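Step one of this worksheet: look at the structure below.
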Amino acid sequence: QVQLVESGGGLVQPGGSLRLSCAASGSIFSINAMGWYRQAPGKQRELVATITSGGSTNYVDSVKGRFTISRDNAKNTVYLQMNSLKPEDTAVYYCNVHTIRRTVVPPVVNEYWGQGTQVTVSS
């Protein structure tokens, strides 16, 4: 079992910043891609940012230049630094982690989700 614990959400004014953290624990084996999704009220969940095991990153166009995803492999943690926040960034943010166990054949891959953390950008 792998558990993902998110933190860092909250209420912030437009233009402000927040840093989300997601720490993985348990039978992690090897973490491949890590990412952040978000879901606003009445909208479908969307992929915000991803980071591969090699450190390559991708972002949805709406957050490019404002958000930065990073990872600390020693701590099994992924971060999302959110700057210049806008009201439209308001959503529940979910951490997503892909793991792979290469000690078995075929390798076993799994996907895990964090519990979600609320980010509200409002005056």
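Not measured: the values here are computed from a predicted model.
Between the CG atom of Asn73 and the OG atom of Ser53 there is a distance of 8.5 Å, given to the nearest 0.5 Å. Distance check: Thr50 OG1 to Arg71 CZ gives 10.5 Å after rounding to the nearest 0.5 Å. Between atom CD of residue Gln39 and atom OH of residue Tyr93 there is a gap of 12.0 Å, rounded to the nearest 0.5 Å.
When every heavy atom of Gln118 is checked against every heavy atom of Thr120, the shortest pair comes out as NE2-OG1, 3.3 Å.
With respect to Lys64 and Asp61, a salt bridge is recorded, a charged nitrogen being found less than 4.0 Å from a carboxylate O.
Classified by interplanar angle (parallel below 30°, tilted 30° to 60°, perpendicular above 60°), the ring pair Tyr94/Trp113 is perpendicular.
Checked by atom type and distance alone, the side chain of Thr57 never pairs as donor or acceptor with a backbone atom of Ile51 at under 3.5 Å. Arg66 contributes a side-chain N or O that, together with a main-chain N or O of Ser84, makes up a donor-acceptor pair within less than 3.5 Å.
Within the 4.5 Å cutoff, the side chain of Tyr37 has no heavy atoms near those of the Val92 side chain. Residues Arg38 and Val119 have side chains not in contact (no heavy-atom distance under 4.5 Å, counting atoms from C-beta outward). By the 4.5 Å heavy-atom criterion applied to side chains, Asn96 and Glu111 are counted as neighbours. Contact of the Glu46 side chain with the Val60 side chain is registered, since non-hydrogen atoms from C-beta on lie closer than 4.5 Å.
The 12-atom threshold is exceeded at CD of Glu88, counting heavy atoms of other residues, nucleotides or ligands nearer than 6.0 Å.
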**OP:** Please step through side-chain contact (heavy atoms from CB on, under 4.5 Å) for the pair Thr90 and Ser122, ending with a clear verdict.
**Re:** CA-CA 8 Å; Thr90 296; Ser122 176; 5.9 Å; no
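The only option from Asn110, Leu4, Asn76 that meets the side-chain contact (heavy atoms from CB on, under 4.5 Å) definition with Val97 turns out to be Leu4.
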Hey, can you pull the donor-acceptor pairs under 3.5 Å for the side chains in residues 8-36, sequence neighbours left out?
residue	atom	partner	partner atom	Å
Ser17	OG	Asn83	OD1	2.9
Trp36	NE1	Tyr79	O	3.4

